[in-house]
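The next block holds one structure in the form of structure tokens; read it before the comments.
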Amino acid sequence: MEIIRTPREMQLKMKAHCTKSIGFVPTMGYLHEGHVSLLQKARKENDIVAASIFVNPLQFGPNEDFESYPRDEAHDSKLAEAAGVDYLFIPSVSSMYPHEMKTTMHMTKRTDVLCGKTRPGHFDGVVTVLTKLFNIVQPDRAYFGQKDAQQLAVIQAFVEDLNIPVEIIGSPIIRESDGLAKSSRNVYLSESERQEAPWLYKALLHGEALFKNGEKNPHKLISAVEEMIKKHTAGTIDYVEILSYPELETMQTLNERALLAVAVKFSKARLIDNLILETE
Ligand code: AMP
């Protein structure tokens with residue numbers, strides 16, 4: 001595996017592979033089995049696998065955790081190499097943004113709900129850095145986790161809108177044995193919060209069970225999920241929402257594919273989780 005640190009060098013390396021299929025996994029590092037599942041999928045489906053580790057300042061708000069976001073390059077390199085990555089791109093902020101940006105990207109749909117409500121500008125930052133990364137890596141396929149379901153829906157719309165020649169591939173959420181979705185931010189949880197955190201997934205499963213038993217009213221499902229999270233955790237609910245997927249529009253009744261998603265704030269970590277409610 002080669003580690004590459006500048007956009008120019010990465011772009012030249014990738015260009016040299018233009019006759020081969022390139023699979024790309026963008027990440028913010030502090031890799032765990034969720035990331036590894038994407039890397040392995042990319043390894044199976046492509047000739048060349050590229051991954052990036054870049055904590056993108058553009059997608060963090062002023063009071064968010066950009067500075068304290070966990071970083072561990074040595075650990076990440078080991079995991080990436082073991083998963084079969086050929087090129088690991090680790091640019092510095094100054095190499096990605098050498099001068100003030102004179103171009104902005106702005107998403108007009110799928111961003112005023114869920115995490116977009118409390119993180120204004122977040123998805124604009126995501127699509128801006130992806131535009132840069134896609135131009136640098138020039139991948140045939142790019143891999144994203146269903147863990148960030150809204151991000152996946154936004155990226156699908158962005159790639160379709162702009163005819164970006166990359167296939168976006170979604171991949172299932174990887175969980176701890178007790179159901180907690182793996183996340184780089186789980187290290188921020190205190191011991192007692194870590195014990196409570198699996199209740200997010202349990203509450204989602206409870207909502208899904210009610211849905212499968214015939215409950216089609218989104219408000220009733222939302223209340224049931226909220227109640228379970230409030231009862232079993234000390235976290236503050238940021239949202240529990242049900243929206244059509246991937247359009248992310250409000251639904252009065254659950255008559256099409258829907259996303260049931262939660263975000264809960266603990267003392268130092270804000271956790272998100274979701275599942276898809278499929279209609280037959
Ligand atoms: P991040 O490093 O948090 O930006 O995540 C990089 C990619 O890994 C994103 O596409 C995430 O959706 C994905 N990812 C993060 N956690 C998981 C997980 N538990 N299961 C599957 N994919 C994940």
Side-chain angles (χ1 to χ4, degrees), residues 23-45 49-61 64-66 68-73 75-77 79-80 83 85 88-91 93 96 110 114-116 119 122-123 125-130 132-134 137 139 141-159 166-189 194 197-198 200-201 204 245-246 259 261-264 269-276:
F24 177 45
V25 181
T27 81
M28 297 202 298
Y30 216 69
L31 302 184
H32 51 67
E33 286 91 335
H35 300 110
V36 170
S37 72
L38 301 180
L39 297 172
Q40 289 171 338
K41 200 171 164 74
R43 181 68 281 168
K44 271 197 208 118
E45 298 176 358
V49 176
S52 62
I53 294 175
F54 182 60
V55 185
N56 174 34
L58 254 50
Q59 69 194 64
F60 286 76
E64 293 181 2
D65 56 347
F66 173 70
S68 63
Y69 195 84
R71 293 162 168 91
D72 188 344
E73 199 183 299
H75 160 88
D76 289 351
S77 307
L79 252 64
V85 171
L88 184 59
F89 180 46
I90 316 181
V93 172
M96 285 292 276
R110 304 187 179 181
L114 306 166
C115 295
R119 304 187 73 187
H122 168 70
F123 290 107
V126 170
V127 295
T128 302
V129 79
L130 279 180
K132 290 171 75 75
L133 289 170
F134 287 165
V137 178
R141 303 184 183 91
Y143 296 81
F144 296 89
Q146 188 65 40
K147 160 97 189 326
D148 298 279
Q150 183 176 19
Q151 173 173 273
L152 183 55
V154 166
I155 292 168
Q156 272 160 345
F158 144 77
V159 161
V166 58
E167 187 184 348
I168 300 301
I169 298 179
S171 205
I173 301 176
I174 305 296
R175 299 178 178 282
E176 303 286 356
S177 55
D178 59 10
L180 173 63
K182 290 195 184 251
S183 164
S184 307
R185 290 185 168 104
N186 289 349
V187 293
Y188 293 147
L189 295 170
R194 175 62 189 84
L200 270 63
Y201 185 48
L204 290 173
Y245 197 78
L259 174 74
V262 303
V264 176
R270 178 178 171 280
L271 303 187
I272 57 169
D273 201 350
N274 70 82
L275 52 77
I276 300 286

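Indexing begins at 1, ligand by ligand and atom by atom, following the structure's order.
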Could you say whether the N/O atoms of Thr27 and ligand 1 ever approach to under 3.5 Å? no
Contact (N/O only, under 3.5 Å) between Ile174 and ligand 1: yes
Hey, is the main chain of Pro246 close enough, under 3.5 Å, to the side chain of Gln156 for a donor-acceptor pair? no
Using the salt bridge (Lys or Arg N to Asp or Glu O under 4.0 Å) definition, which of the options Arg185, Arg270, Arg71 pairs with Asp65? Arg185
Heavy-atom pairs closer than 4.0 Å: do any link ligand 1 to the side chain of Ser171, the backbone, both, or neither? neither
Proximity to ligand 1 by part of His35, non-hydrogen separation under 4.0 Å: side chain
If we ignore hydrogens and angles and just use 3.5 Å, is the side chain of Arg141 paired with the main-chain N or O of Ile169 as donor and acceptor? no
Of Phe144, Tyr69, Phe54, Tyr143, the residue with the heavy atom nearest atom 3 (O) of ligand 1 is Tyr69
Check: Tyr201 side chain, Arg175 main-chain N or O, donor-acceptor pair, under 3.5 Å: no
What is the ring orientation for His75 with Tyr30, classed by angle as parallel under 30°, tilted 30 to 60°, or perpendicular over 60°? tilted
Starting from atom 12 (O) of ligand 1, locate the nearest protein heavy atom and write down its residue, its atom name and how far away it is, to 0.1 Å. Asp148 OD2, 2.6 Å
Sub-3.5 Å N/O-N/O distance, Gly145 and ligand 1: yes
Just by modelled atom types, is the Ala181 backbone N or O under 3.5 Å from a matching donor or acceptor in the Asn186 side chain? yes
Can you sort out which atoms of ligand 1 are near Ile173, meaning under 4.0 Å from one of its heavy atoms? 20 (N), 21 (C)
Between Leu38 and ligand 1, which residue portion shows a heavy-atom distance shorter than 4.0 Å: side chain, backbone, both, or neither? side chain
Test of understanding: given a 4.0 Å heavy-atom threshold, classify the contact between Pro172 and ligand 1 as side chain, backbone, both, or neither. backbone
Relative to atom 23 (C) of ligand 1, which among Gln59, Gln146, Lys147 owns the nearest non-hydrogen atom? Lys147
protein heavy-atom neighbour closest to atom 15 (C) of ligand 1 works out as His32 CE1, 3.9 Å
Does Thr27 reach the main-chain N or O of Ser52 with its side chain, forming a donor-acceptor pair under 3.5 Å? yes
Examine distances only and state if a side-chain atom of Asn56 and a backbone atom of Gly125 form a donor-acceptor pair shorter than 3.5 Å. yes
Flag, side chain of Lys41 to backbone of Ser171, donor-acceptor distance under 3.5 Å: no
Answer yes or no: is there a donor N or O on one side and an acceptor on the other, between the side chain of Asp273 and the main chain of Ala263, under 3.5 Å? no
Per-atom contacts of ligand 1 with Lys182, taking only distances under 4.0 Å to non-hydrogen atoms: 16 (N), 17 (C), 18 (C), 19 (N)
Met28 versus ligand 1: do any nitrogen or oxygen atoms come within less than 3.5 Å of each other? yes
Numbered in order shown, the ligand 1 atoms found under 4.0 Å of a heavy atom of Pro26 are 6 (C), 7 (C)
